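Since we're looking at a predicted model, the values are computed, not measured.
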Amino acid sequence: MPTSRGRRSEGPGFGPSASLDVLRARADLLHRIRRFFRSRGVLEVETPALSRRAVTDVHLASFSTLYTGPGEAHDLPLYLVTSPELAMKRLLVAGSGAIFQISRAFRNGERGRLHNPEFTLLEWYRPGFDAGALQDEIERFLAETARAGRCDRRSYASLFEEALGLDPHRATLDAVARAVRRLRVEAPEPSDVDEGLQLLFTHAIEPGLGAEDPVIVFDFPRGQAALARVRPGDPPVAERFEVYWRGVELANGFHELADPEEQARRFAHDREERRRRGLPAPEADERFLAALATGLPDCSGVALGVD
């Protein structure tokens, strides 16, 4: 057990792994987070941790379990959510207005200095906000909750051109693969442009981002849109952004995709890519797609790692 002064005990390992000082700091942070949103009239919600559908995202894996209840529910497979995103969007469709949630999230196979299989995720959605308006709010959020300075804002393309002399929106697979080889990244040869761009970003760009103040990276390649809208243009770009501070990704946000047909196509593409990689290809969440068909309000949302 930790002492009253917040130090860990030297016992056999059955006590908490965090000191009381850390626990108090965390409690204070959660209080500041809730105060930030309540002062702005954003409703706190709580959605289920178990889902009937696993995530289709190629880069994520769900924990699964079997519900052994009576009747038709016997041996029903259920999945711990990797994010509360789909459930929160169903609330938006139902007319909730602006909402936030501090939830537990679960991602199988993740463990390292910056990742755990279970972690705390803050997610919020703002009807009527585009990606730029939500970036403004994130800057205020970080200033009030984490005493961060003003956020620098950089386009995805400008970072690649500066660090690697590469246009990520027009680069060929051959050009991206050559850049990966020059960096001597210990990874298999990229099978597509976006896979190669992600390798380059994590190894050549991400470690130096936000050394002092946070950096918001915006306008990602359309192939990395995930659940974000794609803005037409030359080139078209995903209305997606990420927030980095001291070389760590803190948050990932979207101007949310509201087209149910496009969303169904993306889910199908994910499932096909998972099959190609020899991964399970779970069915898409039909309740979420039905909610989108009813009408998701124009909104932007972001997920931020609390830990």
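Formation of a donor-acceptor pair under 3.5 Å by the E239 side chain with backbone atoms of R229 is not found in this model. The backbone N or O of S83 sits nowhere less than 3.5 Å from a side-chain atom of E123 that would complete a donor-acceptor pair. Put simply, the side chain of S96 gets close to the backbone of L91: a donor and an acceptor are under 3.5 Å apart. Side-chain N or O atoms of D192 include one that pairs as donor or acceptor with a backbone N or O of E195 at under 3.5 Å. Although no hydrogens or angles enter the test, the distance criterion places no donor-acceptor pair under 3.5 Å between the side chain of N252 and the main chain of A303. Counting only distance, with no hydrogens or angles, the side chain of W245 and the backbone of L209 share no donor-acceptor pair below 3.5 Å. Side-chain N or O atoms of R240 include one that pairs as donor or acceptor with a backbone N or O of Q224 at under 3.5 Å.
Hydrophobic cluster membership is shared by V306 and V243, with clusters built from Ile, Leu, Val, Met, Phe, Trp and Tyr side chains linked at under 4.5 angstrom. In the hydrophobic cluster analysis, where Ile, Leu, Val, Met, Phe, Trp and Tyr join through side-chain heavy atoms closer than 4.5 angstrom, V217 is grouped together with L199. Under a hydrophobic-cluster definition in which Ile, Leu, Val, Met, Phe, Trp and Tyr are linked whenever side-chain heavy atoms come within less than 4.5 Å, directly or via other members, L30 and W124 are assigned to the same cluster. The cluster map of Ile, Leu, Val, Met, Phe, Trp and Tyr, joined by side-chain heavy atoms under 4.5 Å apart, puts L296 and L289 in the same cluster. A single hydrophobic cluster is seen to contain both L292 and F267, as judged by linkage of ILVMFWY side chains at heavy-atom distances under 4.5 Å, directly or through other members.
Here CD1 of I216 is found 13.0 Å from CZ of R154. Values are rounded to the nearest 0.5 Å. Expressed to the nearest 0.5 Å, how far OH of Y244 lies from CG of L250 amounts to 9.5 Å. Distance check, rounded to the nearest 0.5 Å: CD of E256 to CG of D298 gives 10.0 Å. A distance of 5.0 Å separates CG in L257 from CD in Q263, rounded to the nearest 0.5 Å. Interatomic distance, CG of L78 versus CG of L66, reported as 8.0 Å (0.5 Å rounding). Note that CG of D130 is 11.5 Å distant from SG of C299, once rounded to the nearest 0.5 Å.
Considering only heavy atoms from C-beta on, P168 stays 4.5 Å or farther from F201 through its side chain. You'll find the side chain of V237 stays beyond 4.5 Å of the side chain of Y156, heavy atoms only. Side-chain contact between V81 and T47 is absent, with no heavy-atom pair separated by less than 4.5 Å. Residues R126 and S300 fail the side-chain proximity criterion, which asks for heavy atoms closer than 4.5 Å. Here the side chains of R222 and H169 are not in contact, with every heavy-atom distance at 4.5 Å or above. With contacts defined as side-chain heavy-atom distances shorter than 4.5 Å, the pair L80/N108 does not qualify. Looking at T145 and L29, their side chains come closer than 4.5 Å, going by heavy atoms from C-beta outward. Residues F160 and L197 meet the side-chain proximity criterion, which asks for heavy atoms closer than 4.5 Å.
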Discussion item. Using side chain to side chain contact (heavy atoms under 4.5 Å, CB included), reason through T120 and R104 one step at a time and then give a plain yes or no.
Written reply: CA-CA 5 Å; T120 303; R104 305 301 286 176; 2.3 Å; yes
Worksheet entry | Stepwise side chain to side chain contact (heavy atoms under 4.5 Å, CB included) test for E206 and E242 | CA-CA 11 Å; E206 183 178 299; E242 292 184 345; 5.6 Å; no
Item to complete: Determine, stepwise, if the pair D136 / F129 fulfils side chain to side chain contact (heavy atoms under 4.5 Å, CB included).
Response: CA-CA 10 Å; D136 292 341; F129 278 33; over 6 Å; no
Practice prompt. Under the side chain to side chain contact (heavy atoms under 4.5 Å, CB included) rule, what do L121 and L304 come out as? Steps first, then yes or no, please.
Written response: CA-CA 6 Å; L121 193 65; L304 183 146; 5.9 Å; no
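The distance between the ring centers of F100 and F141 does not fall below 6.0 angstrom.
What you find for V42 and I99 is that their closest heavy atoms are CG1-C, 3.5 Å. For the residue pair P282 and T56, the shortest heavy atom distance occurs at O-CG2, 3.8 Å. Residues V58 and R274 share a closest heavy-atom pair of CA-NH1, 3.8 Å. Taking all atoms of both residues into account, the shortest heavy-atom contact from V215 to G210 is CG2-N, 3.5 Å. Minimum interatomic distance between V230 and A225 (heavy atoms only, all atoms of both residues): CG2-CB, 4.0 Å. Of all heavy-atom pairs between D57 and H59, the closest is OD1-N, 2.8 Å.
A salt bridge links E85 and K89; the closest N-O separation between the charged side-chain nitrogens and carboxylate oxygens is under 4.0 Å. Note on D234 versus R170: salt bridge recorded, some NZ/NE/NH1/NH2 to OD/OE distance being below 4.0 Å. A salt bridge does not link R266 with D259: every distance from a Lys NZ or Arg NE/NH1/NH2 to an Asp or Glu carboxylate oxygen is 4.0 Å or more. Classification of R53 and E286 as a salt-bridged pair holds, one side-chain N sitting under 4.0 Å from a carboxylate O.
For the pair R32 and F36, the cation does not sit on the ring face, since its NZ or CZ is not both under 6.0 Å from the ring centre and inside 45° of the axis.
Counting heavy-atom neighbours within 6.0 Å of R150 CZ, excluding the residue itself, gives a total of 12 or less. Remark: R153 CZ is packed, more than 12 non-hydrogen atoms of other residues, nucleotides or ligands lying under 6.0 Å away. Heavy atoms from other residues, nucleotides or ligands lying under 6.0 Å from CZ of R52 number 12 at most.
A donor and an acceptor atom, one from each side chain of S191 and R277, are nowhere located under 3.5 Å apart.
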